[in-house]
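Heads up: numbering here begins at 1 and tracks the sequence. Ligands are counted one by one from 1 in listed order, and the atoms in each one are counted from 1 as well.
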Amino acid sequence: MSGASVLDRGEFVMTVCNSCRYCEQYCPVFPAMERRTSFAAGDLAYLANLCHNCGECLYACQYAPPHEFGINVPKTLAEIRVRSYESYCWPGALGAAFRHHSVSTALGLVAVFAAVLLGAGWVAHGEGLWRATAGDFYSVVPHDVMVGLFGSVGAFVLLAFGVGLRRFWREVHSDSVPPSPTAARRALGDLLTMRHLHTTGVDCTSGVETRRPWRRWFHHCTFYGFMLCFASTSVAAIYDGVFGWIAPYGYASLPVVLGTVGGLGLLVGPVGLLAVRRTRDPELGDAGQTGMDESFIVLLLVTSATGIALLLLRNQPAMGTLLMVHLGAVLALFVTLPYGKFVHGLYRTAALLKYASESEAEE
Ligand code: SF4
Ligand code: SF4
């Protein structure tokens, strides 16, 4: 479906829902919809990113297919969500990437980056690349090279996130009043608990009258796993840059403990999410986004698996090879972050903040 017809369809669906209002108790999408009488592109992008695809409203809907209205809110909003990712991303020319992901492309990217890094390692160290170095990563990839490479890629990723978020926010929040601290706290609570993944307070729907807790739990494992890995890298950077404590750190040190727990979360969460996707009702999602969703999950999985293997084998001769493969996976993950599924977390956070602001203004 073209971008314009996706929006036309979204406007129709929201107009029907706004007349019906049967689902208003399920999630913030419906109260937010009821505050509006028309649905421009920005309104639809906001509502779409507020939806957590829990599925309740599809199974409750008396106008769902095969009814002639064919109302399927989760699927319609999923299609609008990916359109919003494309519209607000920076640089805009890379917006097409959202629809061209696949697991094989993601793995190919890891292989290319790992091969380039291994080649560079071979040129720099020769057979020394396969010698045990007591877990000293910087003897394989010098500290300055590591900081320069990941610092520049990281800076670009942050810039892309910043521009995308600013574009999204300007479109959905025309109000000049910034969100209050109370609204920010409320949005943060909604984000950290992901309570809209199980809007009825029971569990996530995976089919008609079928509710399971797994989607929520695996999302939590993935989210907190990612945050712990980020915390591990940040603590290691402080150890190195502020205190001058040079890696490798002991197994009981804070960066290693955070990275290990986070890495395990990033193993369990993505494996679980891939399994949940196999059993979930396909009518709840947009089949055209399978490549984007699964390639991101697989990249998280490869990054965490190679990271844990590196930790376990860091004193072995395989360390140099494993380090390059792990860095290749991290690079592939980094460069695809602004043009893949990761952005749903950013826009959803902004949508929750907008919703908390609107709710506060109404109280
Ligand atoms: S999803 Fe269906 S039942 Fe729910 S508000 Fe919309 S039209 Fe009504
Ligand atoms: S799928 Fe769930 S979160 Fe999305 S609009 Fe329906 S009830 Fe709300």
Will you find, in the side chains of [X] and [Y], an N or O donor that is under 3.5 Å from an N or O acceptor?
X: Y59; Y: D281; answer: yes
X: D43; Y: S38; answer: no
X: H101; Y: D293; answer: no
X: S87; Y: S84; answer: no
X: N53; Y: R280; answer: yes

Original post:
Looking at the rings of F342 and F226, which for Trp means the six-membered one, are their centres under 6.0 Å apart?
Top reply: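 That pair passes the under 6.0 Å test.
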Original post:
Are the aromatic ring centres of W169 and Y88 under 6.0 angstrom apart?
Top reply: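 No.
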Relative to the heavy atoms of [X], which atoms of ligand 2 are at a distance of less than 4.0 Å?
X: G55; value: 1 (S), 2 (Fe)
X: Y26; value: 7 (S)
X: C27; value: 3 (S), 5 (S), 7 (S), 8 (Fe)
X: V29; value: 5 (S)
X: P74; value: 1 (S)

**OP:** Enumerate the protein N/O/S atoms at a distance below 2.8 Å from atom 8 (Fe) of ligand 1, ignoring waters.
**Re:**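 Protein N/O/S atoms under 2.8 Å of atom 8 (Fe) of ligand 1: C20 SG.
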**OP:** Taking all heavy atoms of A32 and all of L47, pick out the closest pair and write down the distance.
**Re:**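 Heavy-atom minimum between the residues: CB-CD2, 3.6 Å.
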Original post:
Is it true that the NZ or CZ of R314 lies under 6.0 Å from the centre of Y251's six-membered ring and within 45 degrees of the ring axis?
Top reply: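 Judged by the rule, R314 and Y251 form a cation-pi pair.
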Subject >> Interfacing atoms of ligand 1 (cut-off 4.0 Å, heavy-atom, V73) >> reply: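 Heavy-atom distances to V73 below 4.0 Å select 1 (S).
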